Amino acid sequence: MRTWRAGGGSSRTTRWTCGTWISRPGSRRHSFFMSTAQSKNITPRSQDFAAWYQDVVLQGDMAEPAEVVKGCMVIKPNGYAVWEGLQAELDRRFKATGHKNVYFPLFIPESFLRREAEHVEGFSPELAVVTIAGGKKLEEPYVVRPTSETIIGHFFARWIQSWRDLPVLVNQWANVVRWELRTRMFLRTTEFLWQEGHTAHGSEEEAREEAVRMLHIYADVAEEVMAMPVIRGVKSRAEKFAGAQRSYCIEAMMQNGLALQAGTSHELGQNFGKAFDVKYQSKEGTLEYVWQTSWGVSTRLIGGLIMTHSDDKGLVLPPRLAPVKAVIVPIFRKEEEREKVLEAANRMAADLNGAGLTAEVDAREGYNPGHKFFHWEQRGVPVTIELGPRDLAAGTAVVKRRDLGTKESRPKEGLAAAVRGILDEMQSSMLATGRERLKANTVTASSMGEVEEILSSATAEKGGGKFVMAHIKDDPACDAKVKEFRASVRCIPLKDENDGPGKCIVTGETVAQRSVIAKAY
RNA sequence: CGGGGCGUGGCUCAGCCUGGCUAGAGCGCCUGGUUCGGGACCAGGAGGUCGGAGGUUCGAAUCCUCUCGCCCCGACCA
C-alpha cells in the first residue's frame, strides 16, 4: 500500500492534530527546593496533571511518541511488559470461559462497514482507508480495521448453519486504527493494541449473559490485578457502541477525578446478524438470526493504571503487574567491600528469583546509590532493597516499598517471604486507596444546576473532578444537556448503591436509579 | 479548516530585532581519576549542512520569498 486517506472520504482528511504529548518535561521550569520528596524531572500533579502524566510515561520508560508517525506511540520494554502481564491475566480468563483465539485480517472491504447503518455512521469519521496497493488503485478500498464486527460477521455467516454450531466463542489479540483528532499516549492513540471478543448465540438471554460475564471478567482484572477499582454499568443510549443494542462498561476514576472507560462489552442483538445474514436453523427447523456480543479492552488500561497509582516521584506499578518485583542496590566504598556486597547481592537475587519473585541487581558502575534509587522509583519497581557493608555485618537488608515510601531493615533469613508479604500488602493497599478515592469523590446531585456547579468548579485538570450521581433519563436529549458543560453520562451502574428511583434532572420524569455523570478522558 | 506560536548537537534552549572572527549554554553521552546509605565531583572529549529551496549581500542561523514539518486553542472523539 502506498497512500493513506484519512477520514473515509469525509471532510476530516487533513484536519487532525496530534495531542499534547510532544512537549517535554524540560520545557517547563520546575521548582525543586525540597530535597528527597521531589522529583526533578516530573511535573507535580497539583501543578499540571496532563504534564505529570506525560512525564511519568516518559520517565517510567513506558513509551514515547512515535514522532515520525503522528498520533502513534512506541511502547518500550517497560510498558510492553505490563501489557504482556495484562494479556496473560485476561487470556487465561477468556480460555477458562470457553473462548478460543483467532485472527482476522487487518483490512476490511469498505462496503462491509456500510452494511450496518449506525456502525458506519459511528466510525466513518475516524477511518484510515487504503486506496492504492501494489501500485494500482483498488477497485474497492480497504479500511484498516477500527474494530472487526463486520468482517467477523461475514465469516460467522459462513461458519454457522445449525443450532449445533452455537455458541461461537472467539477472541482476537490485534491492533486497530482510529484516526483520532487528539491523542495521548496509551489513553487514545491512532493505532492501539487490544483484544476483541466476538460471540454468536442462539438466544438473546444467552448473549446477554455472555456480555455481562465478560464485563465481570474485566472488572475482576481491573480490581484484582491492576488494583484499579471500577464501576460496572450500562452505557446510556447516546454513549453506546455504534451498532450495539446495549453496551456495558467499567468506568474507573483517575486521580484527578476524571472518568476513564476502561473496558466495554456489547450486546449486539441481531443487528450484525441481519446485516451479514448470520442465520442458523433451530431445533424446530426455523431459520433464525444469531444474537451476538463483542467485548474489548486495550492498551488504554495502562494509561488508567498509571493515572490511578502513580505519584509525583513517578510510576507506581501494582506488584501483580510489575515485570520486576525487586531491585537490589549494592552499596560500598572500598574495593574489598564491593566484592563482598556484590556477591551477597547476587546471592540474594538468586534467592528471590528462586522463590518466584523476579529480582535484579543494579550493579552498574559510575552511578551512586542515590541515583539508582531514583531510577527504579521512577520505573515503578514495587520493592527496592539496599544492601551495604552495614547490612552484611548485621545480616540484614533495607527494604523499601514503592507506594508508601516506607523503609525497614529486614533479616536476610526469610527475606523472600518478607518481600512476598510486602508485595501482597501493597497490592491490596493500592486497591483500598483507589476505592477510598472513588468513594470520597463521588457525590449526589438532584438538579442539573447542581451537577453543573459541581463539575464546573471541580476543575478536573487540577485534581478536583467528581463523579456525580444523579437521576437522568436515558435519552440522547438528556445526555446532550450534560454535554453542554463538557461532561457526559458515564454509565448507569449495574448495582444501584444509592436511593433507587427519583425524578430526572432534565425532564422530571421518574427514572429507576441514579447514573454517573462526570468529565472523562 | 479558523486563530496563535515554533523549527539551532540526543534533550531543553540562547543567539536573530540591529548580518561580520572558530555558532554557544545546561542536561545527557564517551574516557580517566576520586567518590558511593537518596539524583556526586574534577579533568579531558565526541557530537550541529542552524527544517528545506531560492534570493539579497563582499559576507546569512540572522534580512526577503516560497516550501515542509511541528505545537497550542477551537471544531471531533461510537
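Note that the structure is a prediction, hence the values are computed from the model and not measured.
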Atom pair distance, as rounded to whole Å: OH in Y367(A) and P in G37(B): 16 Å
Both E365(A) and F373(A) contact RNA chain B. Taking the nearest nucleotide for each, which residue is further toward the 5' end? E365(A)
Under 3.5 Å on both distances, the Watson-Crick or G-U partner of U35(B): none
For the residue pair S488(A) and E239(A), confirm or rule out a side-chain donor-acceptor distance under 3.5 Å. no
Nearest whole Å is fine: how far is G37(B) P from F374(A) CZ? 12 Å
Pick base, sugar-phosphate or nothing for V329(A), based on heavy-atom distances below 4.0 Å to the nucleic acid. nothing
Looking only at the side chain of N41(A) (C-beta and beyond, no hydrogens), which of the listed nucleotides G39(B), C36(B), C29(B) gets closest? G39(B)
Assess whether one donor atom and one acceptor atom, taken from the side chain of R188(A) and the base of C77(B), lie less than 3.5 Å apart. yes
Going by atom types only, do N41(A) and Q378(A) share a side-chain donor-acceptor pair under 3.5 Å? yes
Check the distance between G39(B)'s P and R379(A)'s CZ and give it to me in whole angstrom. 19 Å
Options G39(B), G37(B), C77(B), nucleotide nearest the side-chain atoms of E180(A): C77(B)
P-based separation of A25(B) from G44(B) [nearest Å]: 13 Å
Under a 3.5 Å limit on both distances, the Watson-Crick or wobble mate of U57(B) is none
Rounded to whole angstroms, how far apart are CD1 on I331(A) and P on U35(B)? 17 Å
Between C63(B) and G15(B), how many Å separate the two P atoms, rounded to a whole number? 12 Å
C70(B) pairs with which nucleotide, Watson-Crick or G-U wobble, both distances below 3.5 Å? G5(B)
Testing the 3.5 Å rule here: is there a donor-acceptor pair between the side chains of S429(A) and R401(A)? yes
From the list I151(A), T150(A), N271(A), V290(A), side chain to side chain contact (heavy atoms under 4.5 Å, CB included) with F276(A) holds only for T150(A)
Out of G37(B), C36(B), G39(B), whichever nucleotide has its closest atom nearest the side chain of R333(A): C36(B)
Who pairs with G47(B) - Watson-Crick or G-U, where each distance is under 3.5 Å: none
Taking CD from E64(A) and P from G10(B), how many angstroms apart are they, rounded to a whole number? 15 Å
Can you tell me how far P of C76(B) sits from NZ of K483(A), to the nearest Å? 10 Å
S236(A)-D479(A) side chain donor-acceptor pair, cut-off 3.5 Å: yes
Which value, in whole Å, describes the distance between the C1' atoms of nucleotides A53(B) and U22(B)? 27 Å
Starting from the 5' end of RNA chain B, give me the residue, T384(A) or R486(A), whose nearest nucleotide shows up first. T384(A)
Atom-pair distance (CG on L258(A); P on C77(B)), nearest Å: 18 Å
For the rings on H119(A) and F272(A), is their centre-to-centre separation under 6.0 Å? yes
Pairing partner (Watson-Crick or G-U wobble, both distances under 3.5 angstrom) of G10(B): C27(B)
